Amino acid sequence: MMPILHHYEASPFSELVRVAFGIKGMAWQSVLIPNIMPKPDLVELTGGYARTPVLQIGADMHCDTAAIVHALEALQPEPSLYPPPLGTLHRIIANWAGGPQFMAHVGAAMGAMPPGALPDSFIQDRKGRFGLDLNQLSRATPHLVSQALTAAHWLDATLADGRAFVGGDAPGHADLGFYCNIWFVKAIPFAGETAAAMFAHPNLAAWYARMQAIGHGERHEISGADAIAIAAAATPSAAAGPVDAPFAAGQLVQVKTDNSGDTPVTGRLLQLDPTGITVLRESDRAGAVAVHFPRLGQMVLPAG
Ligand SMILES: N[C@@H](CCC(=O)N[C@@H](CS)C(=O)NCC(=O)O)C(=O)O
């Protein structure tokens, strides 16, 4: 079944997945979603998770790039996004790039914007949902730029022995993590000075060109209503997996991004172990859907 990416063009985490499709040479369907709330079609499918991106495979929704990459590996194992010799270490590096380093790159990219460059609705959305005050970001920007430039220095040093990608000859999840952060800074013209400092690193610049050349695979546009119809016609593929104590299979739980004010997703546990979390829920318009999360970074609480 062709995977469906719910995303918007300017989203760095979405770019990570689009290039993952490129590495795997996959065909995929694209649903463009709003970059602020409300997102009625997306939330209908996920049960509350509203971050970007989300990957849909039939009636299975994969929330967060960590769960998305995991699902893509299962759907099409080759070429792997965890090539040797790094293997699983790719995941650890990508987690660092998508965690602390993500905020540094947001600051480097958006902190340089003059007042009025962003619509007020966007500023209010990010303040209300994430406590991110974009109007105050410029004060923290020099520090955040220094953190992003340190990562650029490390990446360049990693590549200095002539390797093509972070782990050697083949690109993987770690490359995607670094790439989408730098891509975001490069995309914002106001951040030109920081981008220039990053691209002054010759190994980084050559690696970036290799990553960019990978492309996005084969993209086909569909609507949010199409995606809901596809989910309604499918049944969740999720086979029940292990459920770690103190939780039990079938238990009603809430899953929520740690340290966030995000809306929790409520459903019955199908799986809960270090490889991920899956809950089953009913959607009014799509019927039974399975919603998948990574274990790291998600809080699970008993519900009901
Ligand atoms: N840990 C998540 C983070 C996703 C995330 O924070 N995405 C940003 C956009 S790139 C977001 O959701 N922004 C708010 C929105 O799109 O409504 C992942 O890896 O997918």
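Positions are given from 1 along the sequence. Bear in mind that the values here come from a model prediction, so they are computed numbers and not experimental data. Whatever order the structure lists them in is the order used to number ligands and atoms, beginning at 1.
Clustering ILVMFWY residues whenever any of their side-chain heavy atoms sit less than 4.5 angstrom apart, transitively, puts Trp154 in the very cluster that holds Ile93. Cluster annotation: Val291 and Leu301 are assigned to distinct hydrophobic clusters (Ile/Leu/Val/Met/Phe/Trp/Tyr, side-chain heavy-atom contacts under 4.5 Å, transitive).
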In a table with atom names and distances, give each donor-acceptor pair under 3.5 Å that connects a side chain of residues 97-109 to protein atoms at least two apart or in another chain.
{"from": "Gln101", "atom 1": "OE1", "to": "His105", "atom 2": "ND1", "distance (Å)": "3.4"}
{"from": "Gln101", "atom 1": "NE2", "to": "Gln147", "atom 2": "O", "distance (Å)": "3.4"}
{"from": "His105", "atom 1": "ND1", "to": "Gln101", "atom 2": "O", "distance (Å)": "2.8"}

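Take Tyr208 and apply the ring pair (Phe, Tyr, Trp, His ring centres under 6.0 Å) test, not counting sequence neighbours, and it matches Tyr179, Phe199. Residues forming a side-chain hydrogen bond (donor to acceptor under 3.5 Å, both in side chains) with Arg51 (at least two apart in sequence, or on another chain): Asp262.
For the residue pair Thr52/His7, the side-chain donor-acceptor check at 3.5 Å is not satisfied.
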What does the contact table look like for ligand 1 (nitrogen or oxygen on each side, cut-off under 3.5 Å)?
{"from": "ligand 1", "atom 1": "1 (N)", "to": "Asp64", "atom 2": "OD2", "distance (Å)": "2.8"}
{"from": "ligand 1", "atom 1": "6 (O)", "to": "Arg51", "atom 2": "NH1", "distance (Å)": "3.3"}
{"from": "ligand 1", "atom 1": "7 (N)", "to": "Thr52", "atom 2": "O", "distance (Å)": "2.8"}
{"from": "ligand 1", "atom 1": "12 (O)", "to": "Thr52", "atom 2": "N", "distance (Å)": "3.0"}
{"from": "ligand 1", "atom 1": "16 (O)", "to": "Tyr8", "atom 2": "OH", "distance (Å)": "3.3"}
{"from": "ligand 1", "atom 1": "16 (O)", "to": "Lys39", "atom 2": "NZ", "distance (Å)": "3.2"}
{"from": "ligand 1", "atom 1": "16 (O)", "to": "Thr52", "atom 2": "OG1", "distance (Å)": "2.5"}
{"from": "ligand 1", "atom 1": "17 (O)", "to": "Lys39", "atom 2": "NZ", "distance (Å)": "2.6"}
{"from": "ligand 1", "atom 1": "17 (O)", "to": "Arg129", "atom 2": "NH1", "distance (Å)": "2.8"}
{"from": "ligand 1", "atom 1": "17 (O)", "to": "Arg129", "atom 2": "NH2", "distance (Å)": "3.1"}
{"from": "ligand 1", "atom 1": "19 (O)", "to": "Asp64", "atom 2": "OD1", "distance (Å)": "3.1"}
{"from": "ligand 1", "atom 1": "19 (O)", "to": "Thr65", "atom 2": "N", "distance (Å)": "3.3"}
{"from": "ligand 1", "atom 1": "19 (O)", "to": "Thr65", "atom 2": "OG1", "distance (Å)": "2.5"}
{"from": "ligand 1", "atom 1": "20 (O)", "to": "Thr65", "atom 2": "N", "distance (Å)": "2.9"}

